[in-house]
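Chain A is the first sequence line, chain B the second, and so forth, proteins listed ahead of strands; every chain is numbered from 1. Keep in mind it's a predicted model, so treat the numbers as computed, not measured.
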Amino acid sequence: MFELLAKDGQTKARLGRLTVAHGVVQTPIFMPVGTQGSVKTLHPDDLENLGAQIILGNTYHLNLRPGMDTMGKLGGLHKFTSWDKPILTDSGGFQVWSLSKLNKITEEGVEFASHLDGTRMMLSPEISMQIQATLGSDIAMLFDECPPYPSDKDYAANSLALTTRWGIRCKEWVEKNKPRSGDGRQMHFGIVQGSSYADLREQSAKELVALDLDGYAIGGISVGEPEIEMMRAIENACPHLPEEKPRYAMGLGTPPQMLEMIALGVDMFDCVMPTRIARHGVVFTEDGPIHIKNKAYELDERPLTEGTHPSVARFSRAYIRHLWRAKEMLALRLLSFHNLHFYLQLMEQAREAIAAGTFGDFKEKFITRYNKNQKNK
RNA sequence: GGGUAGGUGGCCGAGUGGUUAAAGGCGGCAGACUGUAAAUCUGCUCACGUAAGUGUACGAAGGUUCGAAUCCUUCCCUGCCCA
């Protein structure tokens, strides 16, 4: 169930509450990515301390390892990973793109060669939904094809049509099998495709809306397109999605991008950026990202940012830089923790601003500072 | 004292007459990363110069050669073995 609690006075931003089997999610929300049943470097207690409300898991990766026989015997992803809050699982559609050298797309589905050992494996709408049912996620994504960027219009149109046909098959499988998540019903989100073509985005959105799903995602972005194309895809899709259903921008984004997309009416985000970039030594700050490994922080006794989490604030930049250079694992963990905290705090601030009706001002102020100091950081 | 193996750019380590300012790794400096095949990948790293280029450089000094990190002589230093 999704409830719209408030709308911003200055933008199309929405404040919402999404109730799923394992709990309640306040939107707008950022969902940390835990592809293989783990948000890299972090303990579930860390995620709780960060206030993470919902995390991701991945159909493709979890199906390869540990595999669904094992997963089924062990009671599903929540029990297996000891995380009893909401989980959203991606359908594996993105891996069709990211592992595209290893797969073959047909009407039936996608045949992969496992990136682990080359074993052939089939992913289809029915198989993806079956896997996600076994995982028992709160929200399952319909199986889609994520076309590369750039795609010519013919390819994009055919791909979108395939995604729609696959979507119908997913929906039929769900109606027949009625998958559960814990004690509740599993929800299902469709994924709008259409590449960089406004009319195709509209067509895709309308075809999926006709399926009356629980929510709608915008996909086919974060595949190497310029930022302007990314924003345009969101702009082109949002107006055709129902007000009363949650909207999810898949795989995005940077802090300013997320604020811009919230202003366009997006409610949910996921992105590997905060955690991956953390493992690569980059820290999100109110003044834009900084490379903690840089010599500039050698003697910097300040915390990572003014607003960082108390458990990280006790450490100086100089110390964390040292940990990084010494290849200490604590560096990866502290930076991952901090970056997720930064993202989750940003969402909380956004929710407060929407409730106050001043999201537009908040967004402008944040982005101005974030970008301005990039030049003279 | 005798024998033996060596001394190469911040460190380790290739290279045994020209295509060598000298492989590769480490270290250092910077950058990329957007539904995670990512604790990964990329660039730069002798000096001066934007560059072409110039100058220095393979323990030291001399020599052979058109040309030497590479060959010869002497010296210095280090590891190992024997006394």
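- Judged by distance alone, the side chains of A/S137 and A/T89 do bring a donor and an acceptor atom under 3.5 Å apart.
- B/rA60 is paired with B/rU74 under the criterion used here, namely a Watson-Crick or G-U wobble arrangement in which both key atom distances are under 3.5 Å.
- Shown here, B/rC48 forms a base pair with B/rG53; the pair counts as Watson-Crick or G-U wobble because both key distances fall under 3.5 Å.
- Scanning residues 159-167 of chain A for heavy-atom distances under 4.0 Å to RNA chain B yields an empty list.
- Taking the P atoms as reference points, B/rU40 lies 41 Å from B/rU54, given to the whole Å.
- Spacing of C1' atoms, B/rU78 relative to B/rG18, comes out at 32 Å, to the nearest Å.
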Letter by letter from the 5' end, nucleotides 32-44 of chain B scores (B base, S sugar-phosphate only, - none; protein heavy atoms under 4.0 Å) BBBBBBBBB----

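- Note on ring orientation: taking the six-membered ring where Trp is involved, the planes of A/Y343 and A/F30 are perpendicular (angle over 60°, cut-offs 30° and 60°).
- Applying the Watson-Crick and G-U wobble criteria (two distances, each under 3.5 Å), B/rG18 pairs with B/rC66.
- The same atom, C1', is picked in B/rA83 and in B/rU4; the two are 15 Å apart, to the nearest Å.
- Tested against A/I218, the residues A/I191, A/I234, A/L252 include a single side chain to side chain contact (heavy atoms under 4.5 Å, CB included) partner, A/I234.
- Identified under the salt bridge (charged side-chain N to carboxylate O under 4.0 Å, His left out) test for residues 269-282 of chain A, with sequence neighbours left out: none.
- When only modelled atom types and interatomic distance are considered, A/Q132 and A/S128 share a side-chain donor-acceptor pair under 3.5 Å.
- You'll find the ring centres of A/H78 and A/H22 inside the 6.0 Å limit.
- Comparing the P positions of B/rC76 and B/rG27 gives a spacing of 38 Å, expressed to the nearest Å.
- Annotation: B/rG53 and B/rC75 have their C1' atoms spaced 38 Å apart (nearest Å).
- The main-chain N or O of A/Y155 is never found under 3.5 Å from a side-chain atom of A/S159 such that the two would form a donor-acceptor pair.
- Using a 4.0 Å heavy-atom cutoff across all strands shown, A/R325 reaches sugar-phosphate atoms only and no base atom.
- Spacing between B/rG62 and B/rC11 at atom C1', rounded to whole Å, works out to 31 Å.
- Pairing for B/rC26 goes to B/rG10, judged as Watson-Crick or G-U wobble with the two contacts each under 3.5 Å.
- In the model, A/E126 has no side-chain atom that pairs as donor or acceptor with a side-chain atom of A/Q130 under 3.5 Å.
- Spacing of C1' atoms, B/rC58 relative to B/rU8, comes out at 4 Å, to the nearest Å.
- B/rC80 is paired with B/rG3 under the criterion used here, namely a Watson-Crick or G-U wobble arrangement in which both key atom distances are under 3.5 Å.
- Ring pair A/H61/A/H115 is perpendicular by interplanar angle, where above 60° counts as perpendicular and below 30° as parallel.
- The stretch residues 13-28 of chain A does not touch RNA chain B, since none of its heavy atoms comes less than 4.0 Å from the strand.
- Side-chain contact, A/Q95 with A/N58: a donor N or O sits under 3.5 Å from an acceptor N or O.
- Among pairs with a residue in residues 318-335 of chain A, those fulfilling side-chain hydrogen bond (donor to acceptor under 3.5 Å, both in side chains) read A/D46-A/R333, at least two apart in sequence or across chains.
- Distance check on atom P: B/rA47 versus B/rG10 gives 10 Å, rounded to whole Å.
- Members clustered with A/Y197: A/L160, A/L200, by chain and number, using a 4.5 Å side-chain heavy-atom cutoff among hydrophobic residues.
- For A/N294 and B/rC29, the shortest distance from a side-chain N or O to OP1 or OP2 is not below 4.0 Å.
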